[in-house]
Amino acid sequence: MPELPEVETIVRQLQPGLAGCRIVSVEILDPKLETPAKNKLPGRKILDITRLGKQVCLELSGNDRDEMKLWLLFHLRMTGRLITHSCSLDQNERHLRARLVLDQGSLLFYDMRSFGCLLVLDSLQEALPKGIDPLSRRFTRRKLRELINGSKQEIKPWLLRQDRLVGLGNIYTSEILFASGIDPRRQAGSLKSDELHRLHSQIRRILLLAIKNCGTTFSDFQDSQGRTGSFQRLLSVYGKTGQPCPNCSGPIQRIVQQQRSTFFCSACQK
DNA sequence: ACCCTCCTGTCA
DNA sequence: TGACAGGAGGGT
């Protein structure tokens with residue numbers, strides 16, 4: 001489910017309850033997630049919870065057998081959810097993939113489609129995303145121009161790739177291109193200087209606005225504490241095929257690019 | 001640079 | 001019954 005703003009929301013909401021907790025035991029319920037490294041986790045304290053691209057990253061202290069730190073990463077993919085046991089959410093227990101029992105409560109990993117994964121690492125180096133986080137200081141206009149220069153790929157699929165920018169997904173790419181007035185089918189490398197300028201600032205603006213609204217939640221989705229995000233109220237084009245463009249009232253179009261839906265206004269996006 | 005696939009669920 | 005769903009690795 002989550003793109004950058006949703007993962008950021010989950011991390012912020014897990015932080016106060018999880019930081020400082022000690023891991024008592026680990027149960028992997030989905031054989032595909034099984035890893036011998038799970039035995040290294042008990043006894044460790046959760047020092048910090050951060051977002052690494054679209055991943056949730058738990059920094060773990062050493063324990064009495066091993067003083068070196070460890071990192072536990074979750075990638076939620078499409079339908080993964082991290083939920084603290086203290087909140088009573090209506091989850092289908094069939095989709096429970098892993099459970100961390102803590103000295104206070106527990107952390108549950110649910111995943112309906114089971115695309116998600118978890119990873120135990122003794123160095124964060126190997127998990128550092130290749131792409132730049134668009135909310136970091138490294139994401140400058142000059143950097144965006146550098147990354148995009150010469151690319152013949154259409155701009156929407158270009159934005160979805162995680163090896164240049166990390167964190168954008170199918171919702172926010174459509175929203176960002178609408179806010180930038182750029183047609184999703186444009187060749188990335190063909191964007192003019194003023195278009196790149198708008199693209200750069202709208203990437204940041206939309207992501208920050210979405211985080212402020214705790215992300216986008218459809219229908220019954222709830223975050224780690226049972227709250228729902230509200231950015232869906234602010235969506236301009238995503239999922240709005242045939243509905244009026246907020247700008248010109250023309251119909252929102254849906255097209256498919258690389259087997260994924262793109263939503264846009266052909267009058268406002270050139 | 002693209003297409004398929006991994007899964008399970010919902011909706012027309 | 002088929003299309004589609006917030007992701008991304010692997011193969012070509």
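What you see below is based on every heavy atom in this structure, not just the backbone, and it leaves out hydrogens, waters and symmetry mates. First the proteins, then the strands, lettered A, B, ... as listed; each starts at 1. These numbers were taken from a predicted model, which means no experiment stands behind them.
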For this session: May I ask you to test the A:Gln162-A:Pro129 pair for a side-chain heavy-atom distance under 4.5 Å?
Result: no
To the nearest angstrom, the CD-P distance between A:Gln55 and C:dG7 comes to 14 Å
Quick one: are A:Phe139 and A:Leu144 in side-chain contact, heavy atoms under 4.5 Å? yes
Separation of B:dC6 atom C1' from A:Met112 atom CE, nearest Å, is 13 Å
>> So, OP1 or OP2 of B:dC6: does either fall under 4.0 Å of a side-chain N or O from A:Arg77?
In response: no
* Asked: How far does the P atom of C:dG6 sit from the matching atom of B:dA1, given to the nearest Å?
  -> 22 Å
Closest of B:dA1, B:dC2, C:dG7 to the A:Gln258 side chain is B:dC2
So, A:His75 versus A:Phe115, ring centres under 6.0 angstrom or not? no
Stem ranges of DNA chain B by first residue number, counting only runs of at least 3 Watson-Crick or G-U pairs under 3.5 Å, come to B:1-6 with C:7-12, B:8-12 with C:1-5
query: Distance check: side-chain N/O of A:Arg254 vs OP1/OP2 of C:dC4, anything under 4.0 Å?
result: yes
Please determine if a side-chain N or O atom of A:Lys54 lies less than 4.0 Å away from the OP1 or OP2 oxygen of C:dG6.
no
Would you say B:dA1 has OP1 or OP2 under 4.0 Å from some side-chain N or O of A:Arg161? yes
query: Just checking A:Gln259: base, sugar-phosphate only, or nothing, at a heavy-atom cut-off of under 4.0 Å?
result: base
Problem set entry | 4.5 Å side-chain heavy-atom contact, A:Leu107 and A:Leu14 | yes
Checking A:Leu52, A:Val56, A:Leu82, A:Ile211 against A:Val7 for side-chain contact (heavy atoms from CB on, under 4.5 Å), the one that qualifies is A:Val56
| said: Looking at A:Gln162, I'd like to know whether one of its side-chain N or O atoms comes within less than 4.0 Å of OP1 or OP2 on C:dG9. | reply: no
Self-check item: Under 3.5 Å side-chain donor-acceptor pair for A:Arg254 and A:Ser261
Solution: yes
note: A:Ile255, atom CD1; C:dA3, atom P; distance rounded to Å ~ 19 Å
- Please examine the side chains of A:Leu60 and A:Lys40, heavy atoms only from C-beta on, and report whether any two atoms are closer than 4.5 Å. no
note: A:Asp111, atom CG; C:dG7, atom P; distance rounded to Å ~ 13 Å
*For the base of C:dA5, is there a side-chain donor-acceptor partner from A:Arg260 under 3.5 Å away?*
no
### Message
Any heavy-atom pair between the side chains of A:Glu59 and A:Leu124 that's under 4.5 Å?
### Response
no
Atom CG of A:Leu159 and atom P of C:dG6 are separated, to the nearest Å, by 15 Å
| For C:dG9, does OP1 or OP2 lie under 4.0 Å from any side-chain N or O of A:His75? | no
message = When you compare the ring of A:Phe115 with the six-membered ring of C:dG7's base, are the centres less than 5.5 Å apart and the planes under 30° from each other?
response = yes
Rounded to whole Å, the CG-C1' distance (A:Asp30 to B:dC6) equals 12 Å
| message | For the P atoms, the ones on C:dA8 and on B:dG9, what distance do you get once it is rounded to whole angstrom? | response | 22 Å
When rounded to whole Å, the CZ to P distance for the pair A:Arg113 and B:dT10 reads 12 Å
C:dC4 phosphate, OP1 or OP2, under 4.0 Å from A:Ser261 side-chain N/O: no
Rounded to whole Å, the CZ-P distance (A:Arg97 to B:dC7) equals 10 Å
